[in-house]
Amino acid sequence: MGGRVHVPVAVVLLMATLAIACSTDGNVAEQEASAAAPPPNIVVILADDLGYADVSTYGDRLQTPNIDRIGREGAVFTQGYVTTPVCSPSRAALLTGRYQQRYGFEYNARQAPEVPDVGLIPGELTIADHLKAAGYSTGIVGKWHLGFKDEHYPTNRGFDEFYGHLSGATRFINRGTQGAVSMSADEEFRRRPPEDPRTDLVVRGTEPPAPPARRAGNLILRGPEKTVVDEPAYITDVFGDESVDFIRRHAEGPFFLYSAFNAPHSPFQVTAEYYDRFPDVEHELQRIYFGMIAALDDAVGRILAALDEAGVADNTLVVFLSDNGCAGYFPGLCSCEPLSGGKLTYYEGGVRVPYLLRWPAAVAAGTRVDAPVSALDILPTALAAAGAEAPAGLELDGHDLMPLLDGSAEARGVGWFVWRNYPTVAVRSGDMKLIKPNQDAPGGFLYDLKNDVREQTDLAAERPEEVTNLEAVIEDWRSITVEPAWTRRRPVAYSICSIEPIGFEN
């Protein structure tokens, strides 16, 4: 860790003693073969508000065979974390490999007169910047959500190609979308009890909504020219197809593709093709949500098939994860098992996400990693796989995952994880986790994740020394942070399964 030895990081510290012997011809041959191997293609697939239990690798709510395939043919991380339970700053940390608080990206990016400079600050390098410098073709398909000005635009941040939207959400259906099934008023869901089937809110048909389907901030754009695309097809299908097209055009490699889906984020809209797969789900919101996940899973399947067809699957590193947990403020949408909480909360259901990795040339099928890992690890893993390095002096907060995956090292030492949307802050050290609704006030809620993963029993009163120790970790971590570059929205409070409501940044 060099100069960062006193700074807590968001991953388990990896420590290994590696004995490398090159005295035999066999070992020399292995080194030569490794040196001659081409760098892998890299595909990062990011879902939006997808809950931990919404992937069948982790739960049994519905089946996601294509997403599951990534873990089955590679590795499943059972404790994969993001750096915040809300979309925009989570994506910033993933793409930079650095805590978003290092550069003021603490709150969700949004377009508003009072926050004119929202976005990833100029000079902050992305994974696309690093890989492009290493000779990769780079592309993003889907949701950006890292700023709206020219200096924030994806093709000015390391990406050669862009097809998608800049905002935090856009409509999945548009003019001419065939067989559309949607909810007419998302906000209405928040005021209705979970048992309400909401059939009166279901809208079917092919007519465009009124007002027009996509406003200026939510338009589908292509390329550095910012060409507006009036896309009639279901947008999850489109993002899958665009990802496939990128793979086919760059199959000679090496390429980096960031497939940043906006599913299953609201608005809750799906086509009959996917809605009809769940005839036994009576709750309409949940049925549409399941259909949206099915569409996402199908898109992932097409991406994997494109890698197979191009003959590059074995030497392509694929990572799948979600940007945060399920949006539990929509009653009846999310599962309370095996975790509690959801998006906007620092309970496990807000920050622990599905996290799968496949690289057949380097990672054995069926690998399982129970050590905690972070979205911050994706960038250093990609750079190591590509044989590239970050610029000297750039401090990354993640670590290469390969020592965990190839057996050359075992997770040891202390794992530090810090999450903050000021004033709310949380920290995990080992198995102990502290959630503080107010960073500046003493105390908080203390949980033992080894024995209480659903965070039902607050141990703060009986283990005050643990609270003090974890508060010290937070104070140490604060030394690398700067003030938020823009303001937050109002807090929102909602019931988190059986946990009392607590307000967090929206």
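For the numbers below, each heavy atom of this structure counts, side chains included, while hydrogens, waters and symmetry mates do not.
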- Pairwise side-chain contact, D48 with R91, heavy-atom cut-off 4.5 Å (strictly under): yes

- Item | side chain to side chain donor-acceptor pair (under 3.5 Å) partners for Y234, two or more places apart | none

- Item | Donor-acceptor contact below 3.5 Å, side chain Q269 vs main chain F172 | yes

- Item | Sub-4.5 Å side-chain heavy-atom contact between L356 and L321 | no

- Message: Under a 4.0 Å threshold between the charged nitrogen and the carboxylate oxygen, would E348 count as salt-bridged to R454?
- Response: no

- Task: Check L470 against K433 and note the closest heavy-atom contact, atom names and distance.
- Result: CD1-C, 4.1 Å

- With no hydrogens and no angle check, is any side-chain donor or acceptor of S90 less than 3.5 Å from a backbone partner on D323? yes

- Task: Measure from the side-chain N and O atoms of T96 to the backbone N and O of L125, and report whether any donor-acceptor pair falls under 3.5 Å.
- Result: no

- Query: So does D241 pair up with R302, basic N to acidic O under 4.0 Å?
  - Reply: yes

- Message: Tell me if a side-chain donor or acceptor on D160 pairs with a main-chain N or O of T138 at a distance below 3.5 Å.
- Response: yes

- Query: Given side chains that start at C-beta, do those of F255 and I247 come closer than 4.5 Å, heavy atoms only?
  - Reply: yes

- Message: Under the rule for disulfide bond (SG atoms under 2.5 Å apart), what residues qualify as partners of C326, not counting sequence neighbours?
- Response: C334

- Task: Answer with yes or no after comparing the ring centroid distance for F268 and F330 against a 6.0 Å cut-off, counting only values under it.
- Result: yes

- Note: K343 and Y329 closest approach over all heavy atoms is NZ-OH, 3.4 Å

- Query: Mind checking whether Y103 and F105 have parallel, tilted or perpendicular rings, split at 30° and 60°?
  - Reply: perpendicular

- Query: Any donor and acceptor pair, going by atom type alone, linking the side chain of E106 with main-chain N or O of Y422 inside 3.5 Å?
  - Reply: yes

- Heavy-atom side-chain proximity of M432 to L446 below 4.5 angstrom: yes

- Kindly write out the residues that satisfy ring-ring contact (aromatic ring centres under 6.0 Å, His included) with Y289, not counting sequence neighbours, or none if the list is empty. none

- Task: Look only at the side chain of D452 and the backbone of Q456, and say whether a donor-acceptor pair between them is shorter than 3.5 Å.
- Result: yes

- Would you say W486's side chain and G119's backbone share a donor-acceptor pair under 3.5 angstrom? no

- Message: Between the side chains of E395 and R102, is the shortest nitrogen-to-carboxylate-oxygen separation below 4.0 Å, so that they form an ion pair?
- Response: yes

- Message: Show the nearest heavy-atom pair for residues F77 and L357, with the distance to one decimal.
- Response: CE1-CB, 3.9 Å

- Message: What I want to find out is whether E471 reaches K436 closely enough, with some N-O distance under 4.0 Å, to be called a salt bridge.
- Response: yes

- Query: Going by the angle between their ring planes, with limits at 30° and 60°, are F290 and F278 parallel, tilted or perpendicular?
  - Reply: perpendicular

- Message: Using modelled atom types and a 3.5 Å cut-off, is there a donor and acceptor pairing between side-chain atoms of N156 and backbone atoms of D150?
- Response: yes

- Task: Using the ring of F159 (Phe, Tyr or Trp, six-membered ring only), decide whether K132 places NZ or CZ under 6.0 Å from its centre and within 45 degrees of its axis.
- Result: no

- Can we say E161 and R222 salt-bridge, meaning some charged N sits less than 4.0 Å from an Asp/Glu carboxylate O? no

- Mutual orientation of the aromatic rings belonging to F417 and Y81 [parallel < 30°, tilted 30-60°, perpendicular > 60°]: tilted

- Classify the angle between the aromatic ring planes of Y163 and F239 as parallel (below 30°), tilted (30 to 60°) or perpendicular (above 60°). perpendicular

- Query: Knowing that exactly one of L166, N108, N262 qualifies, which makes a side chain to side chain contact (heavy atoms under 4.5 Å, CB included) with H145?
  - Reply: N108

- Less than 4.5 Å apart, any side-chain heavy atom of Q101 and any of V482? no

- Closest contact, heavy atoms only, F256 versus V44: CE1-CG2, 3.9 Å

